[in-house]
Amino acid sequence: MSGAAPEADAASGAERVALYRRLPLVESDRWWADLARRSPDGRVLELGAGAGRLTTAFLDAGAEVTAVERDPGMLSALRDRVGGRARLLGCDAAELPPLEPFGLVALPTSLLNELPDAAARHAVLAGAAAACRPDGRIALHLLGPWWLADLPAHVTGRLQPGDGTAPIEVTVTAGPFDAWSGRRRAELTYRFPDGRRLRDHLDAAAVTGTELELTLAAVGCEIEDRFGPAPPDTGPRQDDAAWHVVCRPRAG
């Protein structure tokens with residue numbers, strides 16, 4: 001049994017890379033491209049770039065992009081997708097090398113939720129703050145904490161690509177919410193229009209607005225604006241599945 005676990009992990013990792021290669025941009029991703037266009041120096045640091053879905057959106061918006069991804073499989077997929085158009089760093093988001101500060105630091109795709117604990121979230125946000133220009137912005141995506149806690153044990157929805165092509169069916173099978181750790185585990189099955197099914201495993205913490213505000217204050221930043229799942233809508237509301245937040249370094 002002990003010899004089977006690494007093979008299972010490798011298979012799961014390969015399936016996740018295959019999934020992330022196929023995931024499309026959605027309508028709300030335009031928000032990220034708009035932020036990139038407003039970067040005061042035209043540069044974007046993307047933490048947890050995955051297979052490059054948003055990296056391409058930043059590049060197509062005209063930004064100079066440095067993309068950080070620690071997983072070797074994802075990094076290979078990212079390299080295949082963007083080639084030499086972006087600078088790629090294979091490292092942990094909490095252990096960035098010395099970098100010239102950026103006009104936009106992006107933490108997309110629930111990066112903070114998937115970190116193991118509050119200390120890890122503090123470390124990543126501290127690195128993001130250190131990498132942000134005084135006139136720059138830090139933007140992030142969070143899973144709505146109450147949505148995560150109240151997620152049904154089994155639910156099916158649709159992911160609508162931003163280009164209007166056929167939707168992708170997403171089925172979520174979730175375990176119970178662990179009130180002690182504040183985490184929820186789930187399996188997500190994506191059914192693509194061509195019939196292929198790919199799975200992803202979620203192990204996510206419910207990051208509240210209070211925790212985020214306190215952590216940002218500790219690293220010298222503050223929240224500038226907040227949105228729900230489809231910025232620039234009003235929100236976020238308690239039952240929103242996604243929160244989008246823009247932060248800035250505190251003056252002085």
Side-chain angles (χ1 to χ4, degrees), residues 12 15-16 19-20 22-32 47-48 50 53-54 93 106-122 124-125 138-162 167-192 197-218 222-247:
S12 176
E15 185 171 11
R16 194 178 207 212
L19 169 65
Y20 275 56
R22 293 197 63 169
L23 287 178
L25 291 169
V26 297
E27 186 64 29
S28 62
D29 292 331
R30 296 180 186 273
W31 180 74
W32 293 100
L47 304 181
R53 183 178 65 88
L54 280 181
L107 288 74
T109 322
S110 314
L111 171 64
L112 289 182
N113 296 97
E114 297 191 50
L115 294 171
D117 52 35
R121 293 189 285 275
H122 182 282
V124 168
L125 286 172
I138 301 168
L140 54 94
H141 168 281
L142 290 171
L143 296 176
W146 289 277
W147 172 86
L148 186 66
D150 294 338
L151 183 66
H154 187 83
V155 63
T156 297
R158 288 186 169 189
L159 182 67
Q160 181 61 59
I168 301 163
E169 182 183 275
V170 185
T171 299
V172 181
T173 303
F177 180 73
D178 185 342
W180 182 262
S181 66
R183 301 190 75 87
R184 195 80 185 267
R185 292 176 175 84
E187 180 177 273
L188 289 74
T189 302
Y190 293 75
R191 184 177 182 274
F192 289 86
R197 295 175 185 266
L198 291 168
R199 294 171 301 162
D200 194 10
H201 295 277
L202 179 70
D203 180 359
V207 181
T208 66
T210 298
E211 179 193 335
L212 183 61
E213 287 180 346
L214 291 173
T215 306
L216 286 169
E222 60 188 0
I223 293 175
E224 180 178 70
D225 217 339
R226 301 168 295 176
F227 307 97
D233 61 358
T234 56
R237 296 179 299 273
Q238 182 166 309
D239 60 348
D240 282 340
W243 290 0
H244 294 79
V245 183
V246 178
C247 318

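Below, all heavy atoms of this structure are taken into account, side chains as well, without hydrogens, waters or symmetry copies.
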Considering non-hydrogen atoms only, spot the tightest contact between [X] and [Y] and give its length.
X: Gly48; Y: Pro108; result: O-CG, 4.5 Å
X: Ala174; Y: Ala186; result: CA-CB, 3.8 Å
X: Asp233; Y: Gly228; result: OD1-N, 2.9 Å
X: Leu23; Y: Arg53; result: O-CD, 3.3 Å
X: Thr189; Y: Arg199; result: OG1-CG, 3.8 Å
X: Pro231; Y: Ser28; result: CD-CB, 4.2 Å

### Task
Indicate yes or no: at least one non-hydrogen side-chain atom of Ile168 is less than 4.5 angstrom from one of Pro24.
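Side-chain contact under 4.5 Å: yes.
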### Message
When you compare the side chain of Val172 with that of Leu202, does any pair of heavy atoms fall below 4.5 Å?
### Response
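When only atoms from C-beta onward are counted, Val172 and Leu202 do not touch, as no gap falls below 4.5 Å.
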### Query
What's the verdict on side-chain contact (heavy atoms from CB on, under 4.5 Å) for Val170 and Tyr190, showing C-alpha distance, side-chain angles and the deciding distance?
CA-CA 5 Å; Val170 185; Tyr190 293 75; 3.6 Å; yes
### Query
Parallel, tilted or perpendicular for Phe227 and Trp31, by the 30°/60° rule?
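Correct class here is perpendicular.
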### Query
For Leu125 and Leu112, what are the C-alpha separation, side-chain angles and deciding distance, and is it a side-chain contact (heavy atoms from CB on, under 4.5 Å)?
CA-CA 9 Å; Leu125 286 172; Leu112 289 182; 4.2 Å; yes
To the closest 0.5 Å, what do you measure between [atom1] ([X]) and [atom2] ([Y])?
X: Glu114; Y: His201; atom1: CD; atom2: NE2; result: 12.0 Å
X: Leu47; Y: Leu107; atom1: CG; atom2: CG; result: 4.5 Å
X: Arg184; Y: Asp150; atom1: CZ; atom2: CG; result: 8.0 Å
X: Leu140; Y: Ile223; atom1: CG; atom2: CD1; result: 8.0 Å
X: Trp147; Y: Asp240; atom1: CH2; atom2: CG; result: 11.0 Å
X: Thr208; Y: Leu142; atom1: OG1; atom2: CG; result: 9.5 Å

### Query
Which of these passes side chain to side chain donor-acceptor pair (under 3.5 Å) with Arg183: Asp203, Asn113, Asp117?
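Answer to the side chain to side chain donor-acceptor pair (under 3.5 Å) test with Arg183 among Asp203, Asn113, Asp117: Asp203.
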Could you pull out all donor-acceptor pairs under 3.5 Å where a side-chain atom in residues 152-160 meets a protein atom, sequence neighbours excluded?
residue	atom	partner	partner atom	Å
His154	ND1	Thr173	OG1	3.4
Thr156	OG1	Thr171	OG1	3.1
Gln160	NE2	Thr165	O	2.8

### Message
Checking Leu216 against Glu222 for the side-chain contact (heavy atoms from CB on, under 4.5 Å) test, could you report, in this order, the C-alpha distance in whole Å, the side-chain angles of both residues, the deciding distance, and whether it holds?
### Response
CA-CA 6 Å; Leu216 286 169; Glu222 60 188 0; over 6 Å; no
#### Entry: Cation-pi geometry met for Arg22 and Phe192 (6.0 Å, 45°)
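Flagged: Arg22 positioned over aromatic ring of Phe192.
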### Task
Begin with the C-alpha distance, continue with both residues' side-chain angles, and end with the deciding distance and a verdict on side-chain contact (heavy atoms from CB on, under 4.5 Å) for Thr215 and Val207.
CA-CA 11 Å; Thr215 306; Val207 181; over 6 Å; no
